[in-house]
Protein chains: 2
Amino acid sequence: MTATRRPTLADVAREVGVSAKTVSRVLNEDGPSSPETRRRVLEAVAKLGFQPNLMARSMRVGGPDTTVGLVVPDLGNPFFGAVAGGIEDAVHGHGLTLLMGSSDDDPEREHALIRTFLARRVSVLMVAPAVGADHAHLKSHRAAGMPVVFLDRPGNGLTTDTVVSSNRAGTQEGVAHLIAGGHRRIGFIGDLPARLYTRRERQAGYRAALAGAGLPHDRGLVADAHDPAGAAEATARLLALPDPPTALLSGNNVMTIGVMTELSRSGRKDVAVVAFDDVPMAGILEPALTVVAQNPVTMGESAGAAALERLGGDRGRARTILVDTRLVPRGSGELPPPARTR
Amino acid sequence: MTATRRPTLADVAREVGVSAKTVSRVLNEDGPSSPETRRRVLEAVAKLGFQPNLMARSMRVGGPDTTVGLVVPDLGNPFFGAVAGGIEDAVHGHGLTLLMGSSDDDPEREHALIRTFLARRVSVLMVAPAVGADHAHLKSHRAAGMPVVFLDRPGNGLTTDTVVSSNRAGTQEGVAHLIAGGHRRIGFIGDLPARLYTRRERQAGYRAALAGAGLPHDRGLVADAHDPAGAAEATARLLALPDPPTALLSGNNVMTIGVMTELSRSGRKDVAVVAFDDVPMAGILEPALTVVAQNPVTMGESAGAAALERLGGDRGRARTILVDTRLVPRGSGELPPPARTR
DNA sequence: TTGAAAGCGCTAACAG
DNA sequence: CTGTTAGCGCTTTCAA
């Protein structure tokens with residue numbers, strides 16, 4: 001079997017007996033064309049199975065490629081999947097397609113992906129930055145008219161449109177919810193590295209809630225992990241303290257799996273929990289899991305909308321779009337602390 | 001602020017005082033070049049921040065675009081996110097990038113996306129087909145050397161490499177597990193439309209297990225839904241039958257949410273459940289959820305590997321790659337049926 | 001070791 | 001209403 005060449009504009013033109021430009025006109029509904037020519041061109045297009053080469057078109061038009069380059073840390077994380085879905089919804093009506101890659105939270109891979117995307121002349125670049133990545137090199141590209149949007153986390157060395165969850169306020173609300181329920185010793189299980197933006201913000205919200213209630217901030221109640229197993233260990237460690245927490249705030253969906261697994265394993269149904277980020281079966285757990293829900297689809301849509309405005313010529317100053325989180329009380333956050341023995 | 005033009009090969013050449021071809025040679029390590037020239041070129045490239053235009057390159061070379069076009073029904077579904085991650089892992093080392101879009105299980109949108117991808121001259125096309133979509137029109141493209149791979153579901157009207165889960169055998173194993181536990185009336189909660197490939201296969205596995213055990217196939221124990229709420233209703237309906245099932249097989253992750261929600265709501269801890277497709281917190285539910293786990297990452301990797309072989313010149317006949325599922329007993333599938341009153 | 005010319009598939013600009 | 005010419009940014013081909 002021999003690879004057959006794909007038909008070009010010229011092939012269609014030859015078939016019909018007109019010039020390439022005429023075919024182009026018909027196809028792009030650019031300029032006038034006689035109904036008769038039109039008909040014959042379309043016929044030939046169908047007959048030959050011609051499909052215009054978008055690369056060639058973009059190139060000649062001089063505009064960027066009709067793609068949105070998106071770099072996320074992990075394609076497998078449903079959070080980023082939902083974000084991607086939101087972006088696609090926002091832009092696909094404008095003829096833009098998603099070009100995606102995973103950085104695996106590695107600045108090198110992120111940089112490589114960005115380079116590839118730039119080389120492809122994407123219309124828009126969206127990045128959920130890896131920890132430690134630098135983005136100063138994108139300045140010139142943004143100046144050249146390519147919108148850059150940071151997602152979930154701000155970038156480094158570049159001030160541009162950024163879409164993030166209300167991490168701090170959301171966590172603060174979650175912790176306040178626990179405090180309102182009578183808890184005074186509340187643990188925080190955060191992800192690593194500790195300098196990750198979302199981790200820092202959520203922990204700041206945790207501290208703010210404690211401060212707001214006049215509660216002391218016990219550094220010993222803050223634990224770290226970078227996977228569910230680690231989160232489970234961290235949970236066990238906190239609960240084994242001499243004066244253990246009566247409630248926990250889980251810093252993200254991955255931590256939550258570990259926290260809940262450990263509570264389930266040890267049969268501790270008396271520990272109140274609020275988890276940051278919603279999870280599918282939260283309502284079925286026992287007790288049902290109270291969460292601070294994020295809105296990843298909205299985040300994606302906002303990012304898409306912002307990018308489209310920039311493409312439309314908006315040169316205003318960079319905006320930070322805060323997408324609201326929402327406290328969803330389901331039970332686990334409403335557990336009262338055990339009666340105090342004093 | 002005025003949009004500054006991006007530097008081209010010619011700009012670099014002018015800067016250095018050589019021809020464009022020389023710059024091209026240095027950059028692509030094609031043909032010889034003097035160390036001195038080389039140095040000056042690289043210097044100018046760095047100075048101007050030149051990045052070769054990949055579109056122009058692909059076009060001139062005549063080869064396809066360095067992308068893998070992937071169409072999935074729903075970007076937000078973690079299953080497809082994981083599949084995409086697997087594909088990316090497999091191909092990114094070969095210089096390929098993922099171009100993704102959601103069809104929303106709508107054949108029209110799927111077709112539009114495929115058209116866009118073809119127009120972009122993707123190197124590979126991967127599709128998780130929408131119900132009712134036709135793919136005969138891809139024949140010529142495959143003949144022209146573009147690998148086409150179907151994912152999760154076979155395509156229509158085109159025989160080509162296909163990667164699917166062992167839906168039938170997996171479900172059969174799950175149902176056999178329930179039967180081995182003593183269940184004789186087992187309900188099946190499947191997704192709609194009923195002619196969806198995965199639904200049909202899984203239901204066939206269900207029937208095969210019943211037949212294998214000499215159990216009657218009661219059509220009344222099979223229910224449908226297309227979202228969690230519907231699955232919850234379907235579950236309630238089955239359990240309200242005069243002679244209700246003592247065990248349920250949930251046909252996919254979305255159904256599972258509804259099934260478990262209803263069991264939780266009604267406090268029915270006596271109904272055995274096996275769910276097709278694993279879910280994050282399955283182990284924490286009470287009882288812990290027994291599942292037939294799929295392997296989406298492996299599916300993506302297999303698809304990627306198959307595509308790469310085709311790109312490498314493999315013209316062998318189309319293969320169907322069955323990715324094994326795995327029964328993960330966790331408790332809910334091991335519940336015995338209630339003692340029979342006769 | 002380097003350069004000049006041609007051309008990938010398409011469209012902008014101008015004629016006719 | 002239609003055609004011609006030129007050129008997007010790059011690489012191939014051939015010549016120097």
Side-chain angles (χ1 to χ4, degrees), chain A residues 3-42 44-45 48-66 95 116 118-123 144-145, chain B residues 3-42 44-45 48-66 116 118-122 144-145:
Chain A
T4 48
R5 199 175 55 86
R6 286 226 251 269
T8 74
L9 251 200
D11 294 328
V12 177
R14 198 173 314 116
E15 175 84 13
V16 182
V18 294
S19 79
K21 177 64 204 177
T22 299
V23 177
S24 168
R25 256 195 287 259
V26 170
L27 261 39
N28 297 311
E29 300 184 339
D30 164 43
S33 54
S34 82
E36 171 61 8
T37 308
R38 200 179 160 62
R39 193 189 56 69
R40 291 175 53 216
V41 165
L42 293 176
V45 164
L48 299 181
F50 168 75
Q51 288 192 297
N53 185 327
L54 228 60
M55 289 197 292
R57 173 172 218 289
S58 291
M59 212 179 104
R60 172 66 249 226
V61 173
D65 193 13
T66 56
T116 306
L118 291 176
R120 300 188 57 89
R121 303 295 189 262
V122 294
S123 291
Chain B
T4 49
R5 201 175 54 83
R6 286 227 250 271
T8 74
L9 250 200
D11 294 327
V12 177
R14 199 173 312 114
E15 175 83 13
V16 182
V18 295
S19 78
K21 177 61 209 175
T22 300
V23 177
S24 167
R25 253 194 290 257
V26 169
L27 263 39
N28 296 312
E29 301 185 335
D30 163 46
S33 54
S34 80
E36 170 62 7
T37 309
R38 198 180 163 62
R39 193 188 55 69
R40 292 175 53 215
V41 165
L42 293 176
V45 163
L48 299 182
F50 168 74
Q51 288 193 299
N53 184 326
L54 227 61
M55 288 198 290
R57 174 172 218 291
S58 291
M59 211 181 102
R60 173 64 246 224
V61 172
D65 193 13
T66 55
T116 305
L118 292 176
R120 301 187 56 89
R121 303 296 190 263
V122 293

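As the structure is a prediction and not an experimental result, all values here were calculated from the model. Every chain is numbered from 1 and lettered A, B, ... according to where its sequence line falls, protein lines coming before strand lines.
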Got a sec, which residues hit side-chain hydrogen bond (donor to acceptor under 3.5 Å, both in side chains) with A/Ser24, two or more places apart in sequence or on another chain? A/Asn28
How does protein contact run along nucleotides 10-16 of chain D, one letter per nucleotide 5' to 3', with B for base contact, S for sugar-phosphate only, - for none, heavy atoms under 4.0 Å? BBB----
When rounded to the nearest 0.5 angstrom, what is the spacing between NZ in B/Lys21 and OG in B/Ser33? 11.0 Å
A/Thr22: what forms a side chain to side chain contact (heavy atoms under 4.5 Å, CB included) with it, not counting sequence neighbours? A/Val18, A/Ser19, A/Arg25, A/Thr37
Select base, sugar-phosphate, or nothing to describe what A/Thr22 touches, counting heavy atoms under 4.0 Å on all strands. sugar-phosphate
Write down the distance between CG (A/Leu27) and C1' (D/dT2), rounded to a whole number of angstrom. 16 Å
Of all of residues 31-38 of chain B, which get a heavy atom below 4.0 angstrom from DNA chain C, listed by number? B/Pro32, B/Ser33, B/Ser34, B/Thr37
A/Leu118 CG to D/dG9 P, straight-line distance once rounded to whole Å: 16 Å
Nearest heavy-atom neighbours spanning A/Leu27 and A/Phe50: CD2-CE2, 3.4 Å
Could you report the tightest heavy-atom contact between B/Arg40 and B/Val16, atom names first, then the distance? NH2-O, 2.7 Å
Which heavy atom of A/Glu15 sits nearest a heavy atom of A/Ala44, and at what distance? CG-CB, 3.7 Å
Chain B on DNA chain C: first and last contacting nucleotide, 5' to 3', under 4.0 Å to a heavy atom? C/dT1 to C/dG9
Could I get the full list of side chain to side chain contact (heavy atoms under 4.5 Å, CB included) partners for B/Met55, not counting sequence neighbours? A/Ser58, A/Asp65, A/Arg121, B/Asn53
Output all residues satisfying side chain to side chain contact (heavy atoms under 4.5 Å, CB included) with A/Thr66, sequence neighbours left out; order by chain, then residue number. A/Leu54, A/Leu96, B/Arg120
Overall bend of the helix from C/dT1-D/dA16 to C/dG16-D/dC1 (five pairs an end, 10° steps) is 40°
Looking at residues at least two apart in the chain, or sitting in another chain, which of them share a salt bridge (Lys or Arg N to Asp or Glu O under 4.0 Å) with A/Arg39? A/Glu36, A/Glu43
For the student: nearest non-hydrogen atoms of A/Ala144 and B/Arg6, plus distance: CB-NH1, 4.1 Å
Tell me every residue that passes side chain to side chain contact (heavy atoms under 4.5 Å, CB included) with A/Asp11, counting only those two or more places apart in sequence or in another chain. A/Arg5, A/Pro7, A/Thr8, A/Arg14, A/Leu48
Just the rounded figure in Å: distance from P of D/dC1 to CZ of A/Arg40. 16 Å
Considering all heavy atoms, the nearest B/Ala20-B/Ala13 contact: N-CB, 3.6 Å
Most 5' of B/Ser19 and B/Gly62 on DNA chain C, judged by nearest nucleotide: B/Ser19
